> 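I have a structure I would like to understand better, so I am pasting it below and will then ask my questions one at a time.
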Amino acid sequence: MLSCSLRAARLSAELSERCLHSSASLNAQPRTKKGGRKPGLTNSPSRTRLVDNLKPKPGSGGRLEVAPKPNRFSSVKGKSKAPGSTSTPPPGPAFTRDSVPHEGRAPIDESSRPTRRPKTDLEDIPPIPTTSQAHNLKSWASRAHEERVEKRQAARKLPRKPPVDPLGNEFSDAATKTELSDELPTEFASPPLLPGLLTCLKEVIPPKAKPTPIQALSLKHLFTRKESQDPWRQVLLASETGSGKTTAYLLPMLQDLKQTELSARPAGSQRLMQPRALVLAPTHELSRQLASSAKALLHISKLRVLCASRANAPSNPRASGTAAKMASDMAAFSNAGEAGSEFQVRQSTERARAVDVMVGTPNKVLEMTRGRGWNWDERLEAKLQKEASMGRDVDLDATRKSFYTEAPEMGLANVEWVVVDEADVMFDPDFQEYTRMLLADIALARGVSVPFDPTSDLNPLGSETPNAPINYPFNLILTSATIPSSLASYIDTTHPTMTRLASPHLHHLPKSLKPEYDSLRGKDGQRGHLSKVLIFCNKRSKVADLSEFLEEKGIKHVALAGGAEARKRGSNHHLDGFLRVKTKALAIPTSESGVTPAGALPPLADAKDPRKTPHVLLTTSLLSRGLDFAPDIKHVFIVDEPRNMIDFLHRAGRAGRAGEKGRVVVFGKMEGRGSALAKDVRKKVGALKA
Ligand SMILES: Nc1ncnc2c1ncn2[C@@H]1O[C@H](COP(=O)(O)OP(=O)(O)OP(=O)(O)O)[C@@H](O)[C@H]1O
């Protein structure tokens with residue numbers, strides 16, 4: 001336990017930049033010297049190779065449904081047609097040239113048309129064919145046409161050469177056909193939605209907006225009663241960035257919580273919060289934004305949402321204490337010493353607040369359920385290692401006594417819904433221990449013990465030791481815009497019956513997002529109107545360098561990387577002006593939700609002025625996941641070559657959301673020595689276009 005949890009402790013209290021980077025940079029696919037894949041390992045699950053198909057294994061009991069392509073379905077902006085409607089336009093009036101007089105003009109008299117100018121001096125123009133010549137020409141043309149048809153038919157019979165796929169290393173090669181769905185809801189309506197939810201939804205999305213494909217699938221599948229005996233659902237929601245996945249899982253979850261509110265199990269301990277739903281996200285910023293999205297849907301239905309990510313402080317209870325608390329802590333330590341116990345459990349006297357939905361990172365939620373400081377042994381081990389590396393002797397007993405854990409604030413027995421947002425990161429080797437530990441804790445609190453070994457690999461290699469299927473006693477929704485083969489393989493073995501709902505553009509850029517390429521040289525002196533800009537770098541040091549450069553140029557900006565002080569404040573104010581703000585949520589400002597109180601925003605004129613309000617946000621992959629950036633961020637700049645297409649899709653997807661127009665500019669050396677990488681990226685990005 002000690003060593004396994006040590007690894008988890010190193011992850012710190014949240015998804016750090018390092019973790020996002022490592023998940024993006026590691027390429028689990030071993031290579032030969034020439035760049036090809038090593039034989040025999042082509043099918044081993046990879047964290048950076050996207051699957052091109054989510055079809056469950058035959059006979060597994062799972063199912064896949066893919067929404068039809070938007071030309072047969074309503075898009076976010078509702079421009080295209082609903083299924084069932086005809087794709088051909090209604091026939092217009094017959095119209096032949098000049099047969100209808102134009103207004104104010106007489107119909108043309110054929111006899112008064114000017115005759116063709118007779119050929120005189122243009123000797124090189126062939127003579128107009130006579131009737132028999134024209135006949136020959138016609139038969140020649142038809143013979144040529146027949147020959148072409150024959151050639152084409154012969155070509156069709158030849159075995160086809162596989163097209164060169166620039167994403168060969170990113171997309172898995174296990175292609176099979178997908179099941180397309182045709183009968184999908186084309187409106188948000190009541191029913192299936194409760195009127196209160198529908199009213200709130202129409203306030204946060206454009207009033208005439210139609211369900212996006214993933215939302216239509218959710219409306220179809222997650223609002224009906226489950227037919228099988230097992231009352232709990234296991235669902236994967238997979239669709240491109242900015243396609244409304246948050247709404248797709250919040251609506252069915254909140255509606256179910258509301259409908260079963262009265263019949264819900266009575267809370268166990270009065271002292272503990274007993275949420276009925278958990279939404280897990282990899283970063284504090286995303287947790288806060290998701291909590292505010294849920295609140296914005298609930299001001300009529302009145303369910304209570306709380307964000308666990310109140311601060312980015314480390315999981316050391318001492319770090320957050322006041323002076324008085326420190327003093328009482330010291331007393332507690334000495335008591336602990338007398339009792340000879342290894343660590344002290346502090347009892348919270350606060351009465352818990354009622355909460356229906358808890359949103360947070362797995363680590364923060366574990367702190368609340370196991371007690372802040374629960375992983376004291378990891379910290380102890382880390383401290384011992386640090387002291388040893390500095391060559392100091394450590395008094396083990398004294399050091400041990402300096403750790404303690406607080407009493408839990410939250411119980412898990414009532415949890416009926418668990419959403420794992422950005423599931424590929426949450427089941428990434430860096431994070432899967434905490435995620436799976438929490439899922440196992442919830443199951444246990446609900447009376448079901450599921451196998452969980454924190455040291456076990458998510459995808460053990462070899463067919464002799466596959467993960468045993470798990471049926472958690474709660475609804476489980478996994479969601480992401482990218483499904484790497486490691487996650488697909490985990491789902492296949494651990495949740496074989498999972499329903500996979502996917503949009504037709506999964507693993508592509510949103511249609512409204514246009515990729516562009518630029519050389520590193522830049523074009524000095526060109527200044528046009530630029531929207532707010534998001535700049536992604538691969539390393540913190542690059543963020544710092546660029547920040548210095550912008551500083552010198554007098555360009556107002558915000559630079560945010562993993563260790564930034566601004567991230568420790570427990571709110572999303574450091575992203576003010578960049579994140580999308582939901583209007584109704586503004587009316588209920590709370591410290592936990594991270595919702596920006598209206599008063600904190602600069603006046604509109606100042607907000608639009610780049611000299612007064614920062615228009616540039618510099619960051620790493622840390623902010624590339626899930627965050628719903630404001631529509632006035634129309635440009636994403638990727639200044640370092642993306643390490644793989646998963647990383648690229650998420651970074652790029654911060655613009656062009658919900659059908660808004662956006663551009664992603666990839667910088668790279670496009671000519672001369674060292675340009676091969678940029679050219680390769682360009683090819684791959686081109687293949688991602690929807
Ligand atoms: N049907 C809809 N029509 C128009 N806008 C919508 C619709 N549904 C959601 N939106 C808006 O689209 C934006 C993006 O939604 P959301 O953040 O849920 O995308 P996502 O699929 O979760 O993206 P990511 O993969 O980046 O997390 C939000 O501002 C949301 O309010």
Side-chain angles (χ1 to χ4, degrees), residues 13-14 232 253-254 256-258 260-281 284 287-288 290-291 294-295 298 302-311 313 315-318 320-321 325 328-329 332 341 343-376 403-420 434-450 452 472-476 570 590-593:
E14 57 160 329
W232 307 114
M253 182 183 90
L254 299 178
D256 182 65
L257 293 178
K258 192 69 203 165
T260 55
E261 198 171 25
L262 297 177
S263 59
R265 279 212 246 173
S269 160
Q270 285 282 301
R271 202 177 45 77
L272 298 181
M273 282 183 260
Q274 300 282 355
R276 295 168 60 214
L278 280 181
V279 179
L280 304 175
H284 293 283
S287 303
R288 295 184 196 114
L290 293 177
K295 284 182 182 196
L298 287 171
K302 304 278 181 231
L303 291 173
R304 291 143 301 192
V305 181
L306 195 71
C307 182
S309 297
R310 284 166 290 197
S315 353
N316 185 346
R318 280 182 118 184
S320 59
K325 191 165 173 279
S328 73
D329 288 346
S341 59
F343 62 97
Q344 179 76 15
V345 177
R346 296 178 55 78
Q347 293 295 326
S348 161
T349 48
E350 248 181 70
R351 208 184 136 93
R353 268 183 295 167
V355 55
D356 296 292
V357 182
M358 177 66 76
V359 190
T361 62
N363 189 67
K364 277 282 167 193
V365 174
L366 276 169
E367 275 186 2
M368 297 180 82
T369 58
R370 291 184 167 207
R372 218 164 142 79
W374 65 274
N375 48 352
W376 64 272
F403 290 99
Y404 67 93
T405 180
E406 288 187 350
E409 295 167 73
M410 190 167 89
L412 294 169
N414 289 359
V415 174
E416 290 172 3
W417 286 84
V418 177
V419 177
V420 183
Y434 274 11
T435 307
R436 290 200 297 156
M437 187 185 286
L438 183 55
L439 294 178
D441 278 7
I442 304 169
L444 199 60
R446 295 178 62 77
V448 176
S449 168
V450 297
F452 168 65
Y472 289 116
F474 45 83
N475 296 304
L476 176 67
T590 75
S591 58
E592 278 102 6
S593 70

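Just so you know, these numbers use all the heavy atoms, side chains as well, and skip hydrogens, waters and symmetry mates. This is a predicted model, so every value here is computed, not measured.
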> Any donor-acceptor pair under 3.5 Å linking the side chain of Arg276 with the backbone of Trp417?
no
> Check whether any side-chain heavy atom of Val279 sits under 4.5 Å from a side-chain heavy atom of Val305, and report yes or no.
no
> Side-chain contact, heavy-atom cut-off 4.5 Å: Arg446 with Glu416?
yes
> Compare every heavy atom of Leu257 with every heavy atom of Ala277, then report the nearest pair and how far apart it is.
CB-CD1, 3.7 Å
> So do the side chains of Asn375 and Tyr434 get within less than 4.5 Å of each other, counting heavy atoms only?
yes
> Please lay out, stage by stage, how Glu367 and Glu409 fare under the test side chain to side chain contact (heavy atoms under 4.5 Å, CB included).
CA-CA 8 Å; Glu367 275 186 2; Glu409 295 167 73; over 6 Å; no
> Looking only at heavy atoms, which two atoms of Arg436 and Phe452 are closest? And how far apart?
CB-CE1, 3.5 Å
> Test side chain to side chain contact (heavy atoms under 4.5 Å, CB included) on Met273 and Asn414 and set out the steps.
CA-CA 10 Å; Met273 282 183 260; Asn414 289 359; over 6 Å; no
> A side-chain contact here means heavy atoms from C-beta on lying under 4.5 Å apart; do Thr361 and Ser287 qualify?
yes
> Is it true that Asp356 and Lys258 make a salt bridge, defined as a side-chain N closer than 4.0 Å to a carboxylate O?
no
> Taking C-beta and beyond as the side chain, do Gln274 and Met358 meet within less than 4.5 Å on heavy atoms?
no
> Quick one: closest heavy-atom pair of Cys307 and Ala291, and the distance?
CB-CB, 3.8 Å
> Flag the pair Leu298 / Leu254 as yes when at least one side-chain heavy-atom distance between them is below 4.5 Å, and no otherwise.
yes
> Looking at CG of Leu278 and CG of Leu438, how far apart are the two atoms once the value is rounded to the nearest 0.5 Å?
6.0 Å
> Considering the options Val450, Leu444, Val418, which one meets the side-chain contact (heavy atoms from CB on, under 4.5 Å) requirement together with Leu439?
Val418
> Evaluate side chain to side chain contact (heavy atoms under 4.5 Å, CB included) for Asp441 paired with Leu366, printing each intermediate quantity in order.
CA-CA 9 Å; Asp441 278 7; Leu366 276 169; 3.7 Å; yes
> Which atom pair, heavy atoms only, marks the closest approach of Asp256 to Thr260?
O-OG1, 2.7 Å
> Could you check Phe474 against Ile442 for side chain to side chain contact (heavy atoms under 4.5 Å, CB included), going step by step and ending with a plain yes or no?
CA-CA 9 Å; Phe474 45 83; Ile442 304 169; 3.7 Å; yes
> Looking only at heavy atoms, what is the nearest atom pair of Ala443 and Tyr472, with distance?
CB-CD2, 4.1 Å
> Are Arg370 and Pro408 side-chain neighbours, meaning at least one heavy-atom pair lies under 4.5 Å?
no
> Side chains of Val357 and Leu306: closer than 4.5 Å at any heavy-atom pair?
no
